Amino acid sequence: MTRKRLTEDQIQRMIASDPDAPEVTDEQLGQAKPFAEVFPALAEAMRRNAVGRPKAENPKVAVSLRLDPEIVARFKASGPGWQTRMNDALREAAGL
């Protein structure tokens, strides 16, 4: 399926026809302030919550490893969590 590209004129007409999203003027841009300056408490709360999951005491190490396709397929076939099960199998094989 190919999409017809819009011309610059078509894009500008679409922008102008949207009453909920008027184009910003140079004057308005000149008055703009950073989000954190206007809403410092909200910005700080977002910063605190944006870190994701807590840091692990013993974080995993990313490696590049070439394995036989059958091995990967077998672990993937066991469903979600296959990487953890593969890690556990390697841990057991290493005697840890």
Side-chain angles (χ1 to χ4, degrees):
M1 177 178 170
T2 59
R3 290 185 147 183
K4 183 181 170 192
R5 290 187 174 254
L6 296 173
T7 66
E8 181 64 27
D9 185 54
Q10 290 172 317
I11 293 170
Q12 291 304 318
R13 280 191 309 226
M14 291 170 70
I15 291 171
S17 71
D18 185 353
D20 295 325
E23 195 164 354
V24 178
T25 66
D26 290 339
E27 182 182 344
Q28 290 170 322
L29 280 175
Q31 296 172 355
K33 295 180 181 175
F35 180 83
E37 185 178 313
V38 179
F39 302 103
L42 181 56
E44 180 59 30
M46 291 171 68
R47 236 186 320 278
R48 280 195 309 268
N49 292 330
V51 295
R53 68 173 66 177
K55 299 288 182 197
E57 288 182 28
N58 190 12
K60 304 283 190 216
V61 176
V63 297
S64 177
L65 178 66
R66 297 174 81 63
L67 300 169
D68 293 334
E70 302 84 22
I71 301 294
V72 176
R74 175 69 62 95
F75 275 94
K76 281 187 173 183
S78 65
W82 66 270
Q83 295 99 328
T84 300
R85 285 189 294 283
M86 185 178 279
N87 186 77
D88 293 344
L90 289 168
R91 176 178 286 281
E92 184 177 329
L96 301 174

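Everything numeric in this text was worked out from a predicted model, so none of it was measured. For this chain, numbers begin at 1 and follow the sequence in order.
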Spacing of CZ belonging to Arg13 relative to OG1 belonging to Thr7, to within rounding of 0.5 Å = 6.0 Å
Atom CZ in Arg48, atom CE in Met46: separation rounded to 0.5 Å?
-> 11.5 Å
Could you tell me whether Phe39 atom CZ has more than 12 heavy atoms of other residues or ligands within 6.0 Å of it?
-> no
Distance (rounded to the nearest 0.5 Å) between Arg66 CZ and Ile71 CD1 = 15.0 Å
Would a hydrophobic clustering, with Ile, Leu, Val, Met, Phe, Trp and Tyr connected at side-chain separations under 4.5 Å, put Leu29 with Val38?
-> no
Would you please test Glu70 and Arg74 for salt bridge (Lys or Arg N to Asp or Glu O under 4.0 Å) and show each step?
-> CA-CA 6 Å; Glu70 302 84 22; Arg74 175 69 62 95; over 6 Å; no
Out of curiosity, Lys4 NZ to Gln10 CD, how far, rounded to the nearest 0.5 Å?
-> 5.5 Å
Hey, is CG on Asp18 packed in by over 12 heavy atoms from elsewhere, all under 6.0 Å?
-> yes
Measure the spacing between CD of Glu23 and CD of Gln28 and express it to the nearest 0.5 Å.
-> 10.0 Å
Would you find a donor on one side and an acceptor on the other, under 3.5 Å apart, between the side chain of Glu37 and the backbone of Pro34?
-> no
Do the side chains of Leu96 and Met86 join up, straight or via other hydrophobic residues, at under 4.5 Å, putting them in one cluster?
-> no
dist Glu92:CD -> Asn87:CG (nearest 0.5 Å) comes out at 12.0 Å
Would you kindly confirm whether Ile15 and Val24 end up in one hydrophobic cluster when ILVMFWY residues are joined by side chain heavy atoms under 4.5 Å apart?
-> no
Donor-acceptor contact present, side-chain Arg85 to main-chain Lys76, <3.5 Å | no
